[in-house]
Colleague: 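The structure is given below, and queries will be raised subsequently.
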Number of protein chains: 2
Amino acid sequence: MAIATKTGVTSGKRARTKAANRQAILAAARQVFARIGFDATTIRDIIRETDLAAGTFYNYFRSKEEVFEAIADQSTRRFRPLLQTVREQATSFEEYISAAYRAYFSFLKAQNEEAVRDGAPHMALIGVRVDTPEMHAIFDEIRIDLEEVARTTNISLEDSEFLTAAAIGIAREIGDHMLKRRPADVEGATRFATTLLLDGGKALATYGEKDPAPSAH
Amino acid sequence: MAIATKTGVTSGKRARTKAANRQAILAAARQVFARIGFDATTIRDIIRETDLAAGTFYNYFRSKEEVFEAIADQSTRRFRPLLQTVREQATSFEEYISAAYRAYFSFLKAQNEEAVRDGAPHMALIGVRVDTPEMHAIFDEIRIDLEEVARTTNISLEDSEFLTAAAIGIAREIGDHMLKRRPADVEGATRFATTLLLDGGKALATYGEKDPAPSAH
DNA sequence: TACAAAGTTGACGAAGCGTCATGAATTTGT
DNA sequence: ACAAATTCATGACGCTTCGTCAACTTTGTA
């Protein structure tokens, strides 16, 4: 009889298998992408890993690219609550930046380990990298956070959009390089990124000495 | 008769048409990618824009992806001499960073305008972004430059790899956002990126004031 | 000029694509 | 409780693109 809920979701069997099928396709796609890579993957490769028929795929996604985006979207969605926590707990600009980087690098490390466990050859991770609407939402969220934290700490930012872009650029690139170093050092990456974003490269360098002895807390 | 040169390149007609064909394919691919996008492009779309036959394509490239990489590689190759000049003329850390960012942002703007002129819908630029060997070369070049400039100015860098990664991340993201603002402000982006990398976000903020009055020279 | 080497051509079989008529399972209406 | 209506899975089909290859043309060598 299918009871309609507030959200418009029905509890009938129809709706349940629909959700299950979607998830099955996404899970299968994850596996196959990890195993043989996005380019080599065909839609039939994906559907073969489920108990569905070829045509059914097209009831859920228009193309391979759309599945990919949906997976990236899932990843991004899982990151947002972490950012939410960071926002709620930060009491200063420094704290926000530091905690946000830590959250991202931890998340990245976890995602990477999961992908490797799933049989990804090496670092073929579908990350929080693709240009999805969800990613744009994160960008705006961070920008607004920065503005807000700056405002409450009586700071004026010159250009919050550029600052956000830079913060994200640093996160992406340092994140990649962090993963290449085994074991991935989340704290080290966090400290570096935070110091750089706040105080710049000069704070990470020492003048007139042979060995570096920077402090960044 | 084909005179063999030092480099193993022959001056015969064979070698000339070979180079010409390769360029023809690359040029055609550029056009088609710009017009209809990478995904929609088929190898036959590309070859149709030349006076070659389908089979000939495979004498030059293994796949559409390989053409793409070759184009990205060309872009990257064109950027390297600019970086060379920057390296030669910089006398301080600050100067190197500033000039390098200016070179990159100018290059990016020029590339973008060229792509738009070629009929790219909007910002579908094949940039200095892809993970090619040539890009890795640039990365190493910048890292070594940073180390070198730091050494001659008696500075110790904590982690030149991370610093390079961060510098490139900032360039990429700010570059993207710069292009979205019309007209693209190369000097503004350069100033922002340079100040951030050297002195950090704090240098771009003002404390206890309403309107920002940052100085970054 | 004759022969060898290199390269081009386009037709061909294979592979993957997206669609759609069919039928089964679920929901709705009475 | 049953029938009508709706939703959706199925897999075969026609179509597009793929990469290859035997035949042919052009270039280089002697």
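Every chain is numbered from 1 and lettered A, B, ... according to where its sequence line falls, protein lines coming before strand lines. For clarity, every value in this text was computed on a predicted model and none was experimentally measured.
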Colleague: So, is B:Lys18 near the phosphate of C:dA6, with a side-chain N or O under 4.0 Å from OP1 or OP2?
Modeller: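 Answer is no, no contact under 4.0 Å.
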
Colleague: If I take atom CD from residue B:Glu113 and atom CG from residue B:Leu179, how far apart are they, to the nearest 0.5 angstrom?
Modeller: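 If I round to the nearest 0.5 Å, the distance is 9.0 Å.
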
Colleague: In whole Å, I'd like the distance from the OH atom of A:Tyr58 to the C1' atom of D:dA12.
Modeller: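 Interatomic distance, OH of A:Tyr58 to C1' of D:dA12: 14 Å.
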
Colleague: Ignoring hydrogens and geometry beyond distance, is a side-chain donor-acceptor pair present between A:Glu69 and A:Thr132 at under 3.5 Å?
Modeller: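 No.
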
Colleague: If the plane angle is over 60° it's perpendicular, under 30° parallel, otherwise tilted; pick one for B:Phe33 and B:Phe38.
Modeller: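 Ring orientation of B:Phe33 relative to B:Phe38: tilted.
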
Colleague: Figure out the CD1/C1' separation between A:Ile36 and C:dA15, and round it to whole Å.
Modeller: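 My rounded result for the distance is 14 Å.
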
Colleague: Which of these nucleotides, D:dC18, C:dT26, C:dT9, is closest to any side-chain atom of A:Arg14?
Modeller: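 The closest nucleotide is C:dT26.
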
Colleague: Rounded to the nearest angstrom, tell me the gap between atom CD1 in B:Ile47 and atom C1' in D:dC18.
Modeller: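 It works out to 14 Å between those atoms.
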
Colleague: Any idea how A:Tyr101 and A:Phe105 line up, ring-wise: parallel (<30°), tilted (30 to 60°), or perpendicular (>60°)?
Modeller: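 The rings of A:Tyr101 and A:Phe105 lie parallel, inter-plane angle below 30°.
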
Colleague: Would you mind classifying the nucleic acid contact of B:Asp45 as base, sugar-phosphate or nothing, using non-hydrogen atoms under 4.0 angstrom?
Modeller: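 No contact.
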
Colleague: Roughly, in whole Å, what's the span from CZ in A:Arg48 to P in C:dC17?
Modeller: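 Checked: the CZ to P distance equals 10 Å.
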
Colleague: Could you tell me whether the phosphate oxygens of C:dG7, OP1 or OP2, come under 4.0 Å of any side-chain nitrogen or oxygen in B:Asn21?
Modeller: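 For B:Asn21, the contact criterion (side-chain N or O under 4.0 Å from OP1 or OP2 of C:dG7) is not met.
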
Colleague: Would you kindly compare B:Thr17 and B:Ala54 by the position of their nearest DNA chain D nucleotide and give the one closer to the 5′ end?
Modeller: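 Going by which nucleotide is closer to the 5' end, it is B:Ala54.
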
Colleague: Would you say a side-chain N or O of A:Thr42 is under 4.0 Å from OP1 or OP2 of C:dG16?
Modeller: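 Indeed not, no polar side-chain atom of A:Thr42 lies that close.
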
Colleague: Whether the side chain of B:Arg44 and the base of D:dT17 hold a donor-acceptor pair under 3.5 Å is what I'd like checked.
Modeller: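 Under the 3.5 Å cut-off, the side chain and the base do not form any donor-acceptor pair.
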
Colleague: Are B:Phe139 and A:His177 close enough that their ring centres sit under 6.0 Å apart?
Modeller: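 Yes.
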
Colleague: When the nearest nucleotide of DNA chain D is assigned to A:Tyr60 and to B:Thr41 on a heavy-atom basis, which residue is associated with the more 5' position?
Modeller: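 In this pair, the answer is A:Tyr60.
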
Colleague: Could you state the atom-to-atom distance from CD of A:Glu66 to P of C:dG18 in whole Å?
Modeller: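 To the nearest whole Å, that distance equals 11 Å.
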
Colleague: Please pick, from C:dT9, D:dC18, D:dA9, the nucleotide with the shortest atom-to-atom distance to any side-chain atom of A:Asn59.
Modeller: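 Selected nucleotide: D:dA9.
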
Colleague: Kindly point out which of C:dG18, D:dT10, C:dT9 is positioned nearest to the side chain of A:Thr56?
Modeller: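 Among C:dG18, D:dT10, C:dT9, the one nearest the side chain of A:Thr56 is D:dT10.
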
Colleague: Once you round it to whole Å, what is the distance between C1' of C:dA6 and CZ of B:Arg16?
Modeller: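 Atom CZ in B:Arg16 sits about 15 Å away from atom C1' in C:dA6.
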
Colleague: CD1 of A:Ile46 versus P of C:dG18: gap in Å, rounded?
Modeller: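 The distance from CD1 of A:Ile46 to P of C:dG18 comes to 11 Å, rounded to the nearest Å.
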
Colleague: Using atom CG of A:Asp51 as one end and atom C1' of D:dG11 as the other, report the distance to the nearest whole Å.
Modeller: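 Going from A:Asp51 (CG) to D:dG11 (C1'), I get 15 Å.
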
